[in-house]
Chemist: 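This structure is in structure tokens; I'll ask about it shortly.
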Amino acid sequence: MLYHLFTYLYKTYHLPGAGVFQYTTFRAAMAVITSLLIAQVFGGRLIRILQRRQIGEGIRDLGLQGQMEKKGTPTMGGLIILLAILVPVLLFARLDNIYTILMLLSTVWLGLIGFLDDYIKVVKKDKEGLAGRFKVLGQVGLGITVGWVLFFSNDVTVRQYLLPDGQLSAVDASTVYQDVKLMITTIPFAKNNELNYGNLFSYAGPYFNGLYAFLYIPIVIVIITAVSNGANITDGLDGLAAGTSAIIGTTIAIFAFVSGNSVLADYLDIMYIPNSGELVVFCTAFVGACVGFLWYNSYPAQVFMGDTGSLAIGGIIAVLALIIRKELLIPVLCGVFLIENLSVIVQVSYFKYTRKKYGEGRRLLRMSPLHHHYQKLGYHESKIVSRFWIVGIMLAVLTLVTLKLR
């Protein structure tokens with residue numbers, strides 16, 4: 001809102017200083033500062049409200065060190081994250097930008113699903129929470145919406161440059177270009193690193209031209225569901241999900257900045273995505289919200305984010321990666337989420353297999369997800385979280401290396 005207000009004042013009345021709102025970097029800086037302040041001010045008040053209403057976490061005794069000490073800790077703290085994201089974005093981002101609108105929709109959509117789950121658990125005292133099928137249905141619904149907008153909206157384009165041989169390329173230094181509707185993505189560590197989803201149907205002949213939405217949208221659904229659930233599973237130790245998400249968000253902010261800047265995109269020889277630079281404002285608000293939440297969520301946690309926060313931050317990361325055409329980097333960038341997800345899948349699958357084969361279930365890990373395995377091994381919670389953060393930083397650096405290493 002402030003962007004539109006000061007832009008009007010600058011263009012109409014030439015208000016001194018109002019032109020600074022034209023700079024994405026200024027608005028991104030203001031967004032992260034505002035986000036941190038909101039998390040600090042609103043966070044403490046929300047915790048006191050939750051404590052007065054006795055909205056605390058129910059703990060099932062799994063025999064983990066320090067586990068029962070967390071009983072009664074306020075949950076639904078994801079509301080702090082949501083507010084610290086939404087307010088700065090509404091204040092400083094361009095609200096007529098298709099990507100901003102899509103990110104606001106994704107944040108509210110998954111935030112509501114997570115809130116319903118937490119509400120049923122802690123207020124209605126139903127330990128099962130929102131039925132799993134309704135969670136999945138909500139994630140699928142968002143996936144269809146995001147996939148549909150990215151595929152069909154004329155505001156979603158990539159810049160194609162005219163090469164000397166008359167061909168078009170997403171990366172080149174040519175000054176002759178056009179912004180086209182094309183569903184391509186980046187293949188990491190490859191020299192000619194664009195994958196056109198339409199080419200995946202090319203073998204079937206011209207009859208299938210334009211029908212690859214039936215392939216692209218399911219891919220979007222899988223990515224959003226997987227990353228959202230990965231963040232949800234990772235949210236098991238104080239500060240783990242919030243800290244890891246802040247690292248991922250910072251990395252995506254860098255990608256959004258270079259992908260939305262024609263000069264930097266040309267210098268780095270990467271795909272330029274018109275208007276995607278506006279996502280930097282959203283990314284900085286997201287990082288500020290996660291870091292601000294850590295003030296209360298770091299060990300020993302004063303509040304848990306609950307599904308209200310974990311489902312939302314996972315979905316946000318997935319949609320951001322899809323918009324800047326870096327979804328194939330998710331297994332690396334979100335490696336912590338991935339290994340946490342896989343640890344549960346492998347543990348359950350192996351247990352069922354051995355029970356069927358030997359008559360009794362066996363486990364590969366002492367407990368899943370992976371962070372609980374290390375707790376069972378005797379590692380302190382804060383040490384596990386710190387080391388997962390370090391792994392997350394290493395994966396983020398590896399992801400950034402793909403900008404030039406091909």
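Model, not experiment: these values are computed from the prediction.
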Chemist: Taking side-chain contact (heavy atoms from CB on, under 4.5 Å) as the definition, give me every residue that meets it alongside S106, ordered by chain and number, with sequence neighbours left out.
Modeler: L142, V146, V319
Chemist: Over 60° means perpendicular and under 30° means parallel, so classify the ring planes of F286 and F282, tilted if in between.
Modeler: parallel
Chemist: Set out, in order, the CA-CA distance, both residues' side-chain angles and the distance that settles side-chain contact (heavy atoms from CB on, under 4.5 Å) for I317 and I252, then state yes or no.
Modeler: CA-CA 8 Å; I317 290 168; I252 293 178; 4.0 Å; yes
Chemist: From L82 CG over to M305 CE, what is the distance, rounded to the nearest 0.5 angstrom?
Modeler: 10.0 Å
Chemist: Once the angle between the rings of F92 and F21 is folded into 0 to 90°, is it parallel (under 30°), tilted (30 to 60°) or perpendicular (over 60°)?
Modeler: parallel
Chemist: Does D235 have any side-chain hydrogen bond (donor to acceptor under 3.5 Å, both in side chains) partners at least two apart in sequence or in another chain, and if so, which?
Modeler: none
Chemist: Can you sort out the partners of N261 under side-chain hydrogen bond (donor to acceptor under 3.5 Å, both in side chains), two or more places apart, ordered by chain and number?
Modeler: none
Chemist: Got a second to check how far M183's CE is from F152's CZ, nearest 0.5 Å?
Modeler: 10.0 Å
Chemist: D96: what forms a salt bridge (Lys or Arg N to Asp or Glu O under 4.0 Å) with it, not counting sequence neighbours?
Modeler: R94
Chemist: Could you give me the CA-CA distance, side-chain angles and deciding distance for T185 and E194, then say whether side chain to side chain donor-acceptor pair (under 3.5 Å) is met?
Modeler: CA-CA 6 Å; T185 189; E194 296 94 38; over 6 Å; no
Chemist: To the nearest 0.5 Å, what is the distance between CG (L105) and OG1 (T100)?
Modeler: 12.5 Å
Chemist: Measuring from atom CG of L329 to atom CZ of F189, what distance do you get when rounded to the nearest 0.5 angstrom?
Modeler: 7.0 Å
Chemist: Can you give me the closest heavy-atom contact between P74 and L50, atom names plus distance?
Modeler: CB-CB, 3.7 Å
Chemist: Would you please say whether a donor-acceptor pair under 3.5 Å links the side chains of D307 and N232?
Modeler: yes
Chemist: What distance do L46 atom CG and I80 atom CD1 have between them, rounded to the nearest 0.5 Å?
Modeler: 5.0 Å
Chemist: What salt bridge (Lys or Arg N to Asp or Glu O under 4.0 Å) pairs are there with at least one residue in residues 97-118, not counting sequence neighbours?
Modeler: D117-K121, D117-K135
Chemist: If every non-hydrogen atom of S343 is compared with every non-hydrogen atom of S368, which pair is closest and at what distance?
Modeler: O-CB, 3.8 Å
Chemist: Excluding sequence neighbours, so at least two apart, what forms salt bridge (Lys or Arg N to Asp or Glu O under 4.0 Å) with E278?
Modeler: R27
Chemist: Which atoms form the tightest heavy-atom contact between K376 and R366, and what is the distance?
Modeler: O-NH1, 3.4 Å
